[in-house]
Amino acid sequence: MTTNILLTGATGFTGSFVCQELLKRRISFDCLVRASSQTQKLESLGLKLVEANLDDLQSLRRVFTDYQILINVASLGFGAAPKIVQACEESGIKRAVFVSTTAIFTKLNAKTKAVRQAAEAVITNSSLDYTILRPTMIYGTPDDRNMVRLLRLIRRSPIIPVLGDGTSLQQPVHVEDVAWAICEVLNSPQTYRRDYNISGGQVLNYNEVIKVSSKALAKQALILHSPKSLSINLINIANSLGIKTPVSAEQVLRLNEDKVFDYTTAQKDFNYSPRPFTEGIAQEVALLN
């Protein structure tokens with residue numbers, strides 16, 4: 001069967017699950033990788049790898065001419081979107097699925113916010129039959145960079161520090177649900193030239209996230225709150241003295257910002273139905289060493 005789908009970001013956390021979902025659906029695809037990428041896992045799956053650099057328009061043009069569909073899981077936060085879109089348009093790729101993030105809606109002046117917003121603008125102003133998917137915080141399996149840190153802290157410490165009051169709302173989304181959504185919209189014309197927030201199936205505040213995670217680990221965690229403003233001041237003082245802190249002031253502000261997004265449009269257009277956090281975190285705990 002002819003392969004006409006190219007996947008970027010396949011060596012990353014989310015991308016690896018997109019690979020698994022595509023293979024499960026028996027959808028043929030190739031992976032775009034950098035020359036320096038760790039590709040052993042992809043090679044073990046028997047996948048074809050093509051080398052290009054997302055920052056190099058010429059290399060993208062050279063590779064894209066062999067494909068009709070792009071799945072771009074690689075981050076839009078590094079400024080490569082204009083070149084990716086241009087290469088698609090000049091090489092004949094019409095259909096493209098882009099993974100963005102609900103972080104573009106933060107009220108904070110985050111470093112990559114403007115870059116990601118500009119990336120989405122380039123995509124929506126293009127001639128592509130695009131679909132933009134915006135996950136909330138992605139978790140699932142000990143390979144994630146989010147929940148696994150909290151799980152390991154709960155395992156080793158009876159006291160969990162929270163920088164703020166812990167009442168900000170969260171809606172983490174399981175990586176398998178994100179991968180499912182990416183593959184589900186691939187051949188769904190009703191999603192063309194549309195964008196969707198794909199959040200998790202359960203809204204909790206951060207205190208509840210800790211309690212649910214503790215229960216999944218069969219632990220009893222004592223939450224110790226530190227005032228947000230005090231925490232930020234101490235972090236800024238430490239950083240000014242050249243002391244590296246486990247979290248940044250921006251991360252504390254982000255933790256104390258509500259991150260809840262309605263996914264009913266995605267549910268209506270392609271039957272998106274994410275698992276609740278209680279279920280997803282239990283799955284992750286079961287895999288934790």
Side-chain angles (χ1 to χ4, degrees), residues 13-14 17-18 21 71-73 75-77 81 96-110 112-125 128-140 144 146-147 164-213 251 253-284:
F13 176 59
T14 301
F17 282 86
V18 176
E21 183 69 19
I71 304 175
N72 191 87
V73 181
S75 174
L76 296 177
V97 178
F98 292 92
V99 178
S100 183
T101 169
T102 54
I104 66 165
F105 299 118
T106 179
K107 295 176 183 177
L108 306 178
N109 188 26
T112 60
K113 176 182 175 180
V115 176
R116 289 188 168 112
Q117 288 177 329
E120 288 203 14
V122 167
I123 295 164
T124 57
N125 289 324
L128 302 178
D129 287 331
Y130 67 83
T131 302
I132 297 173
L133 299 176
R134 301 187 197 97
T136 48
M137 185 193 79
I138 301 173
Y139 75 100
D144 74 31
N146 296 306
M147 288 308 305
D165 59 17
T167 60
S168 61
L169 298 176
Q170 320 281 313
Q171 202 170 358
V173 62
H174 197 280
V175 65
E176 291 178 354
D177 294 327
V178 176
W180 180 92
I182 292 167
C183 297
E184 190 68 16
V185 303
L186 198 55
N187 295 308
S188 300
Q190 68 271 24
T191 69
Y192 289 8
R193 300 193 66 80
R194 301 288 302 275
D195 54 86
Y196 301 91
N197 297 327
I198 50 171
S199 46
Q202 186 175 3
V203 176
L204 317 89
N205 66 39
Y206 190 60
N207 293 326
E208 291 170 331
V209 167
I210 295 172
K211 290 174 183 176
V212 169
S213 301
Q251 286 174 312
L253 289 168
R254 187 81 176 113
L255 178 66
N256 287 276
E257 183 179 47
D258 285 342
K259 297 178 282 293
V260 176
F261 299 89
D262 185 11
Y263 61 78
T264 53
T265 305
Q267 191 172 49
K268 175 178 175 291
D269 284 1
F270 57 93
N271 298 316
Y272 177 69
S273 183
R275 73 202 68 188
F277 180 74
T278 49
E279 178 185 324
I281 202 64
Q283 289 177 253
E284 181 161 348

Pair Val178, Phe17 - check side chain to side chain contact (heavy atoms under 4.5 Å, CB included), show working. CA-CA 9 Å; Val178 176; Phe17 282 86; over 6 Å; no

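- For the residue pair Leu128 and Ala96, the shortest heavy atom distance occurs at CD1-CB, 4.2 Å.
- Judged purely by distance below 3.5 Å, without hydrogens or angles, the side chains of Thr264 and Asp262 pair a donor atom with an acceptor atom.
- Taking the side chain as every heavy atom from C-beta outward, Ile123 and Leu76 approach each other to under 4.5 Å.
- Ring pair Tyr272/Tyr196: centre-to-centre distance not below 6.0 Å.
- Heavy-atom minimum distance, Thr101 versus Arg116: CG2-CD, 3.4 Å.
- Smallest separation of non-hydrogen atoms from Phe270 and Ala181: CE1-CB, 3.9 Å.
- At least one donor-acceptor pair under 3.5 Å links the side chain of Asp177 to the backbone N or O of Arg275.
- Between the side chain of Thr136 and the backbone N or O of Gln171 there is at least one donor-acceptor pair closer than 3.5 Å.
- The backbone N or O of Ile132 lies less than 3.5 Å from no partner atom in the side chain of Asp195, so there is not a single donor-acceptor pair.
- Between Pro135 and Ile198, the closest side-chain pair of non-hydrogen atoms falls below 4.5 Å.
- With values rounded to the nearest 0.5 angstrom, Asp144 atom CG is found 8.5 Å from His174 atom NE2.
- Between the side chains of Ser100 and Glu120, a donor-acceptor pair is found at a separation under 3.5 Å.
- Screening Asn197, Thr102, Val203, Leu204 for a side-chain contact (heavy atoms from CB on, under 4.5 Å) with Val260, the sole residue that qualifies is Val203.
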Start with the C-alpha gap between Ile182 and Leu133, add the side-chain angles, then the distance that decides, and say whether side chain to side chain contact (heavy atoms under 4.5 Å, CB included) holds. CA-CA 8 Å; Ile182 292 167; Leu133 299 176; 3.7 Å; yes

Give the C-alpha distance, both sets of side-chain angles, the deciding distance and a yes or no for side chain to side chain contact (heavy atoms under 4.5 Å, CB included) between Thr265 and Arg194. CA-CA 10 Å; Thr265 305; Arg194 301 288 302 275; 3.6 Å; yes

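- Considering all non-hydrogen atoms of both residues, Asp258 and Leu169 come closest at OD1-N, 2.7 Å.
- Formation of a donor-acceptor pair under 3.5 Å by the Asn146 side chain with backbone atoms of Ile138 is found in this model.
- Remark: the backbone N or O of Asn207 is paired with a side-chain donor or acceptor of Asn205 at under 3.5 angstrom.
- Between Arg134 and Phe105, some side-chain heavy-atom pair lies under the 4.5 Å cut-off.
- Put simply, the side chain of Lys259 never gets that close to the backbone of Met137: no donor and acceptor are under 3.5 Å apart.
- Atom-to-atom distance recorded for Leu108:CG and Asn256:CG is 10.0 Å, nearest 0.5 angstrom.
- Note that NZ of Lys113 is 10.0 Å distant from NZ of Lys107, once rounded to the nearest 0.5 Å.
- Of the possible polar contacts, one joining the Gln117 side chain to the Ile104 backbone as a donor-acceptor pair under 3.5 Å is found.
- Interatomic distance, CD of Glu176 versus OH of Tyr139, reported as 9.5 Å (0.5 Å rounding).
- Remark: the backbone N or O of Thr191 is paired with a side-chain donor or acceptor of Thr131 at under 3.5 angstrom.
- Using a 4.5 Å cut-off on side-chain heavy atoms (C-beta onward), Pro274 and Trp180 make no contact.
- Checking side-chain atoms of Arg193 against main-chain N and O of Thr124 turns up a donor-acceptor pair under 3.5 Å.
- Of all heavy-atom pairs spanning Gln170 and Pro172, the tightest one is C-CD, 3.6 Å.
- The heavy-atom pair separating Gly201 from Tyr263 by the smallest distance is CA-OH, 4.0 Å.
- In this structure, Tyr206 has no ring-ring contact (aromatic ring centres under 6.0 Å, His included) partners at least two apart in sequence or on a different chain.
- Taking 4.5 Å as the limit, some side-chain heavy atom of Val212 sits within range of a side-chain heavy atom of Ile281.
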Determine whether Glu284 and Met147 satisfy the following criterion, side chain to side chain contact (heavy atoms under 4.5 Å, CB included), listing intermediate values before the conclusion. CA-CA 9 Å; Glu284 181 161 348; Met147 288 308 305; 4.0 Å; yes

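- Residues Glu257 and Arg254 are paired through a salt bridge, judged by an N-O separation under 4.0 Å between the basic side chain and the carboxylate.
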